[in-house]
There are 2 protein chains.
Amino acid sequence: MKFSAQEEYGLRCLLRIAQSNSPNGLTIPEIANSEKITQSNAAKILRILRIGGFIDSSRGQSGGYKLTRTPEQIIVADVLAQLGGRLFESSFCNDHAGMELICTNSIDCSIRSLWRAVQSVVDGVLNKTTLKDLIGNENQATILLNNFVEETLELKQS
Amino acid sequence: MKFSAQEEYGLRCLLRIAQSNSPNGLTIPEIANSEKITQSNAAKILRILRIGGFIDSSRGQSGGYKLTRTPEQIIVADVLAQLGGRLFESSFCNDHAGMELICTNSIDCSIRSLWRAVQSVVDGVLNKTTLKDLIGNENQATILLNNFVEETLELKQS
DNA sequence: TTTAATCTTGACTTTTTTGTATAGATTGCA
DNA sequence: TGCAATCTATACAAAAAAGTCAAGATTAAA
């Protein structure tokens, strides 16, 4: 299980833009340079973010990319969903969609319920994390959240 | 973010073996047939599970695959790690490995700490789920665990 | 209006992942 | 022993993901 390259780079580019204080935002060369990727690749990724409504672009001299909203208003889960096509995609057993609680015998549904459990905890973190949480000194928050959940999981187990 | 095909098929094949009550275990044709994959593909995946020490194989007539331990003793996180090469692999910022708590300014470390937060909650579920939890009627457990974590996350947020 | 800086798009190439084929090795049994 | 059932391993092929290239469109400013 892993994040795709596009998810990682996309989120990173978005963070660069969020952290910029230039009035024109950031240009493709600037972003590509900070992230050590080619301009083509940056353009491709920024396109996805623009279509997703996270950034606005303007062309010509003094053009560049800016956030469409404040960092507080951008949810990391939404960003990753846009970059990855979907957040989790469980393949099989679409027969029993919506009735996981009764379908307990097939392997399809065992796996499905496990995938859902994982999806649920990941969403729990990503839906409550905004771009702002990842900027500057605020990223302590995710570490704390992380520790908290670990504790509660252990609690539940004992 | 998603599980690879190998992770999904591997776990599914292992569950088939775990659920079998035949004294010889299951053969490749049987597994391939239940999972609707080719025998070649099943063989490839079963090889990984064998190398990981989750199953034993015996050849010749009356051969097949069996678990090396009871289902209770097989942790889903271990299985997925074997199938996927690793459980999560965060790419960048190896400069600051081990000092995440002080490195708060770079994007590298912001992303890294987010990835770690996600990894932590996923591990929380997968390290506490055994094959037994996924067999028969026991898979309710993962759903309950899931709900529990969701609640605690909401609690923390308010 | 011309130019330079910038974004936009689609096609293409490379790499990685996934899946298949084939030849071989081991075992149990008649 | 010889055969049939089984696993084993490596190389090959197909598909998907990632990354690159090149031509074009828009804009601001000289």
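Every chain is numbered from 1 and lettered A, B, ... according to where its sequence line falls, protein lines coming before strand lines.
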The bend of the helix from dT1(C)-dA30(D) to dA30(C)-dT1(D), taken between the axes of its five terminal pairs at each end and rounded to 10°, is 10°

Taken to the nearest whole Å, CD1/I31(A) to C1'/dT6(C) is 12 Å

Residues at least two apart in sequence or cross-chain that pass side-chain contact (heavy atoms from CB on, under 4.5 Å) with S40(A), listed by chain then number, are T38(A)

Hits for side-chain contact (heavy atoms from CB on, under 4.5 Å) against I28(A), two or more places apart or cross-chain, chain-then-number order -> Q39(A), A42(A), A43(A), L46(A), Y65(A)

So, is K2(B) near the phosphate of dA16(D), with a side-chain N or O under 4.0 Å from OP1 or OP2?
no

### Query
Does T38(A) put a side-chain nitrogen or oxygen below 4.0 Å from OP1 or OP2 of dT20(D)?
yes

Atom CD of Q39(A) and atom P of dT6(C) are separated, to the nearest Å, by 9 Å

When you measure from the side chain of K66(B) to the backbone N and O of P23(B), does any donor-acceptor pair fall under 3.5 Å?
-> yes

CG of L26(B) to CD of Q19(B), rounded to nearest 0.5 Å, is 10.0 Å

Smallest heavy-atom separation, V125(A) atom then T129(A) atom, equals O-OG1, 2.7 Å

What residues 41-61 of chain A contributes to the DNA chain C interface at heavy-atom separation below 4.0 Å is R47(A), R50(A), S57(A), S58(A), R59(A), G60(A), Q61(A)

Check residues 48-60 of chain B and write down every donor-acceptor pair under 3.5 Å in which the side-chain atom is one partner and the other belongs to a residue at least two apart or another chain.
none

N24(A) CG to dT27(D) P, in whole Å, measures 15 Å

Across all chains, not counting sequence neighbours, the side-chain contact (heavy atoms from CB on, under 4.5 Å) partners of Q61(A) are none

Query raised in the report: For S40(B), which contact category applies under a 4.0 Å heavy-atom criterion: base, sugar-phosphate, or nothing?
Result: base

Checklist entry - Quick one: is dT8(C) close enough that its OP1 or OP2 comes under 4.0 Å of any side-chain N or O from Y65(A)? => result yes

Looking at the base of dA28(D), is there any donor atom on it, or on the side chain of S62(A), that sits under 3.5 Å from an acceptor on the other one? no

